[in-house]
Protein chains: 2
Amino acid sequence: MDLVTALHAQGKRLTLQRSLVLEAIRRSRHHTTAEEIARRIREQHPQIDPSTVYRNLEALEELGLVTHTHLNDRITRWHRADVERHGHLVCRACGSEQEVPMASLEPLAARLRRDQGFEPDLAHSAIVGICRTCRSVPSGR
Amino acid sequence: MDLVTALHAQGKRLTLQRSLVLEAIRRSRHHTTAEEIARRIREQHPQIDPSTVYRNLEALEELGLVTHTHLNDRITRWHRADVERHGHLVCRACGSEQEVPMASLEPLAARLRRDQGFEPDLAHSAIVGICRTCRSVPSGR
DNA sequence: AGTAGTATCGCAAGTAGTAGCAATAGCGTA
DNA sequence: TACGCTATTGCTACTACTTGCGATACTACT
Ligand SMILES: [Mn+2]
Ligand SMILES: [Mn+2]
Ligand SMILES: [Zn+2]
Ligand SMILES: [Zn+2]
């Protein structure tokens with residue numbers, strides 16, 4: 001099923017703005033930001049408003065073509081939905097980011113499913129904590 | 001060790017604004033917002049700026065007296081640090097929030113410690129997913 | 001009590017989005 | 001090709017913070 005068909009199946013329309021956002025996210029590095037996407041698009045199409053970019057990221061997410069994750073408290077990161085899902089470990093001491101395979105997180109997922117009937121999306125928000133390096137350092141320097 | 005001593009030990013000072021923020025968070029319901037705290041303080045002290053409240057929440061967090069958690073993408077929730085730690089499960093379909101004991105999350109913590117040397121704070125961000133009720137419903141209605 | 005040093009303050013501007021609104025433009029149908 | 005419905009757009013204002021700056025006021029020291 002191509003883009004137009006997928007859009008129409010949800011009562012959505014194909015617009016220039018929408019395809020530019022999709023194209024930009026496909027060309028962007030993994031974990032890019034909405035601001036970065038808007039900046040790139042506005043280089044060629046300065047009339048396209050940032051709010052349109054935000055709205056289209058949401059629309060493309062509803063379509064299942066893109067997703068977002070949260071690596072820190074402030075900026076949402078966007079990427080295409082077809083890259084392999086993975087979790088993130090972010091150190092609150094040094095800021096380092098580390099990817100972890102979903103398989104490492106599966107035991108927790110299984111437990112939440114069993115105990116709470118809850119199907120978690122453990123790729124959505126990074127897990128914050130203290131990394132190996134920072135843990136091995138005596139105090140905080 | 002009392003408040004002033006704890007503050008001074010970190011080169012921090014005791015100000016009216018700071019004690020008002022601490023008092024407000026102690027009187028507030030669990031999982032309150034910075035805006036709510038600012039609003040309450042400004043009823044009695046309208047000259048105190050919201051940015052001062054944000055900065056003091058951070059300072060009191062560095063002192064270990066308060067903490068914050070993220071239940072959704074937008075608003076940070078604050079509470080005193082001495083309440084029992086717990087995780088949160090938030091349903092992206094119906095928005096329901098559920099608390100889970102840290103013990104349920106401990107197997108994942110143990111695994112991340114062992115496999116990655118990473119000490120996670122699983123209480124910091126809510127785990128998003130689909131709750132039991134929403135899962136049992138056929139499509140999405 | 002008086003003073004120096006600097007943490008903290010109020011204020012204003014900036015950041016990363018979100019939301020309401022009237023104008024525009026896709027899309028199904030004729 | 002033309003027409004009507006309404007999804008989407010650009011614009012503006014708003015939310016929830018964050019940051020820079022010069023003024024203020026805690027603290028330690030005398
Ligand atoms: Mn946080
Ligand atoms: Mn999110
Ligand atoms: Zn680290
Ligand atoms: Zn639900």
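Each chain gets a letter, A, B and so on, in the order its sequence line appears, and its residues count up from 1. Here the structure is a predicted model, which means the values were calculated and not measured.
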A/Glu35/A/Arg39 ion pair, N-O < 4.0 Å = no
Nucleotide nearest B/Ile75 (side chain, heavy atoms from C-beta), chosen from C/dG10, C/dC27, D/dA16 = D/dA16
Among C/dG10, D/dG10, C/dA16, which is the nearest nucleotide to the side chain of A/Glu35?
-> C/dA16
Are the charged groups of A/Lys12 and A/Glu62 less than 4.0 angstrom apart, N to O?
-> yes
Using atom CG of A/Leu22 as one end and atom C1' of D/dT8 as the other, report the distance to the nearest whole Å.
-> 17 Å
B/Val4, nearest nucleotide to its side chain (from D/dT27, C/dC9, D/dG10) | D/dT27
Answer yes if the side chains of B/Asp2 and B/Thr5 hold a donor-acceptor pair under 3.5 Å, and no otherwise.
-> yes
Taking NZ from B/Lys12 and P from D/dA25, how many angstroms apart are they, rounded to a whole number?
-> 21 Å
Across the strands shown, which category fits A/Arg55 at heavy-atom distances under 4.0 angstrom: base, sugar-phosphate, nothing?
-> base
Whichever of A/Leu7 and B/Gln47 has its nearest DNA chain C nucleotide further upstream toward 5' | B/Gln47
From C/dC9, C/dT8, D/dT18, nucleotide with atom closest to A/Arg74 side chain = D/dT18
Answer with base, sugar-phosphate or nothing: what part of the nucleic acid does B/Asp73 contact at a heavy-atom distance below 4.0 Å?
-> nothing
Short N-O contact, A/Arg55 and A/Glu58, less than 4.0 angstrom | no
Base of C/dT8 paired with side chain of B/Arg18 (donor-acceptor, under 3.5 Å) = no
Measure the angle between the two terminal helix axes of the helix from C/dA1-D/dT30 to C/dA30-D/dT1, five base pairs each, and quote it to 10°.
-> 20°
Kindly determine whether B/His45 and B/Ile48 satisfy side chain to side chain contact (heavy atoms under 4.5 Å, CB included), including the steps that lead there.
-> CA-CA 6 Å; B/His45 306 267; B/Ile48 296 180; 3.6 Å; yes
Could you tell me the separation between the CG atom of A/Leu20 and the P atom of D/dG10, rounded to a whole number of Å?
-> 10 Å
Rounded to whole angstrom units, what separation is found between the CG atom of A/Asn56 and the C1' atom of D/dA7?
-> 11 Å
Taken to the nearest whole Å, CD/A/Glu36 to P/C/dA16 is 12 Å
Think B/His8 has a side-chain N or O under 4.0 angstrom from the OP1 or OP2 of D/dA28?
-> yes
Tell me which of B/Thr52 and A/Thr76 sits closer to the 5' end of DNA chain C, going by the nucleotide each one is nearest to.
-> B/Thr52
Report the nucleotide, chosen from D/dT8, D/dT27, C/dC27, that has the shortest atom-to-atom distance to any side-chain atom of B/Leu14.
-> D/dT27
C/dA7 phosphate, OP1 or OP2: any side-chain N/O from B/Gln10 under 4.0 angstrom?
-> no
With side chain to side chain contact (heavy atoms under 4.5 Å, CB included) as the test, would you mind laying out the steps for A/Arg85 and A/Thr69 before giving the verdict?
-> CA-CA 11 Å; A/Arg85 288 180 76 239; A/Thr69 54; over 6 Å; no
When all nucleic acid strands are considered with a 4.0 Å heavy-atom cut-off, which category describes A/Thr33: base, sugar-phosphate, or nothing?
-> nothing
Think B/Thr15 has a side-chain N or O under 4.0 angstrom from the OP1 or OP2 of C/dC9?
-> yes
In terms of side-chain heavy atoms of A/Asp49, which of D/dT12, C/dC27, D/dT18 is nearest?
-> D/dT12
Regarding the side chain of B/Ile48, the nearest nucleotide among D/dT9, C/dG10, D/dG10 is C/dG10
Charged N-O contact under 4.0 Å between A/Glu23 and A/Arg26 | no
Whole Å only: how far is the NE2 atom of A/His70 from the C1' atom of C/dA16?
-> 13 Å
Shortest side-chain distance from A/Tyr54, nucleotide among C/dC9, C/dC27, C/dA16 | C/dA16
Say whether A/His68 and A/His79, considering side chains only, have a donor N or O and an acceptor N or O under 3.5 Å apart.
-> no
Between D/dT19 atom C1' and B/Leu57 atom CG, what is the distance in whole Å?
-> 17 Å
Nearest-Å distance for atom pair CD/P, residues B/Gln17 and C/dC11 | 11 Å
Would you please classify the geometry between the A/His88 ring and the A/His31 ring as parallel, tilted or perpendicular, with 30° and 60° separating the classes?
-> perpendicular
